[in-house]
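Taking it in order: structure first as structure tokens, then the write-up.
In what follows, every heavy atom counts, from backbone to side chain, and hydrogens, waters and symmetry copies are set aside.
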Amino acid sequence: KDKALGDLCVKAYNDWMIDEWCASVPGLYIPMMIGQLWDPKLMAEEIRRCAARGVRAVSFPESTTPFDLPSFHTDFWDPVWQAVCDTDIAVCIHIGTSGRTHLPSPDAPYSVAVALGPVNAQITFMDLLLSGIPERFPTIKIALSEGGIGWVPFALERVDRTWERHRFWAKMGDTRPSELFRRNFWVCFIDEYAGLESRAHIGVDRIMWGSDYPHKESSHPFSHEAMRAALAGVPHDETARMLGGNAASLYGFDLDALA
């Protein structure tokens, strides 16, 4: 409730993340900040302040309405989107960060929510894709963390079909949604054979790998073995892009400095 204190806490966290956590091993980490969600203009100022200090990403919830804040389908967040475009930093959205997960029944065990993780990612993706944000901010970069990739080909096919048949009355814009995806979105996988088999339908340059360490979903400490199995037969250049090159490009990360 004390917004002045909240503002100081956000800035203190971001400064600690930059000055202590990431600075402990220079060049190894990709700095990601948090923001003042209650005030988009204040958050935009913080994005610019942190970007000037080397931050390459900002964490943002998968939905804002659970916090009684305006949705993606308003212009409320435009100062934030403008700031990330001006500073060329990525918006990272993780499933569950709205504080809710979509369950078919209130008494379903949490394992149902875990198994439906990619469904939550698809819901967020559609919400953002059809919000008008990519059209108004064509250079925005949005990464969906830990949401999987196997759902993407059908989601793109479905949303393009929706656009083709409903775009005029629904005022869906002039750009095919799949084109917006391949310009503005990145998706991430942990262990996923079906998604990798469909990589040509997704776009190899849109796919990034994450270990999800130290969570239970993680492939750690067998990540190398898991990736060798999942990527068996995949051309080396595609493997290199999905396992590091795409992330390096998205976040402006210097891989040569770590060589």
Side-chain angles (χ1 to χ4, degrees), residues 29-30 32 56-60 62 84 88-97 114-129 133-134 138-160 175-213 215 217-220 222-255 258:
Y29 300 125
I30 299 171
M32 181 169 67
R56 303 303 307 144
V58 57
S59 178
F60 204 86
E62 64 184 343
V84 298
D88 193 32
I89 72 173
V91 180
C92 293
I93 298 179
H94 194 288
I95 56 173
T97 46
V114 174
L116 288 175
V119 175
N120 283 281
Q122 184 175 348
I123 290 171
T124 299
F125 168 68
M126 288 298 183
D127 203 27
L128 282 163
L129 183 67
I133 293 170
T139 61
I140 196 168
K141 300 186 293 189
I142 300 171
L144 302 177
S145 305
E146 204 188 347
I149 63 175
W151 54 269
V152 174
F154 173 73
L156 295 179
E157 181 180 295
R158 175 68 183 182
V159 74
D160 275 357
T175 306
R176 186 175 291 272
S178 60
E179 294 178 20
L180 296 176
F181 165 76
R182 295 189 174 95
R183 186 187 71 190
N184 297 111
F185 288 84
W186 284 256
V187 288
C188 306
F189 75 100
I190 301 173
D191 293 321
E192 201 173 319
Y193 285 77
L196 289 170
E197 289 173 0
S198 302
R199 64 190 183 277
H201 297 285
I202 302 168
V204 172
D205 62 338
R206 301 290 102 183
I207 300 172
M208 301 185 293
W209 171 77
S211 75
D212 198 41
Y213 175 82
H215 297 160
E217 289 289 293
S218 177
S219 55
H220 179 84
F222 306 109
S223 298
H224 287 83
E225 292 85 348
M227 287 304 96
R228 288 192 187 99
L231 293 163
V234 176
H236 176 74
D237 65 312
E238 295 184 14
T239 296
R241 286 152 65 190
M242 292 187 289
L243 294 187
N246 292 335
S249 176
L250 174 62
Y251 298 111
F253 198 60
D254 188 359
L255 291 178
L258 295 175

Just by distance, do the side chain of [X] and the backbone of [Y] share a donor-acceptor pair under 3.5 Å?
X      : Y      : result
Glu192 : Gly150 : yes
Ser198 : Ala194 : yes
Asn184 : Pro138 : yes
Ser218 : Ser211 : yes

Where do [X] and [Y] come nearest, in terms of heavy atoms and distance?
X      : Y      : result
Leu196 : Leu231 : CD1-CD2, 3.9 Å
Leu144 : Ala121 : CD1-O, 4.2 Å
Asp160 : Pro177 : OD1-CD, 3.2 Å
Ile202 : Phe181 : O-CE2, 3.3 Å
Ala247 : Met208 : CA-SD, 3.5 Å
Val114 : Glu217 : CG1-OE2, 3.6 Å

For this session: Might you work through the salt bridge (Lys or Arg N to Asp or Glu O under 4.0 Å) test for Arg182 and Asp205, ending with a clear yes or no?
Result: CA-CA 8 Å; Arg182 295 189 174 95; Asp205 62 338; over 6 Å; no
Are [X] and [Y] packed together at the side-chain level, in the sense that at least one heavy-atom pair is separated by less than 4.5 angstrom?
X      : Y      : result
Val84  : Lys141 : no
Phe125 : Leu156 : yes
Val187 : Trp151 : yes
Trp186 : Ser249 : no

Exercise. Among all residues two or more places apart in sequence or in another chain, which pass the side-chain contact (heavy atoms from CB on, under 4.5 Å) test with Glu179?
Worked result: Thr175, Arg176
Problem set entry | Residue pair Arg206, Val152: steps toward the side-chain contact (heavy atoms from CB on, under 4.5 Å) verdict | CA-CA 11 Å; Arg206 301 290 102 183; Val152 174; over 6 Å; no
Exercise. Considering residues, nucleotides and ligands other than Arg183, do more than 12 of their heavy atoms fall under 6.0 Å from its CZ?
Worked result: yes
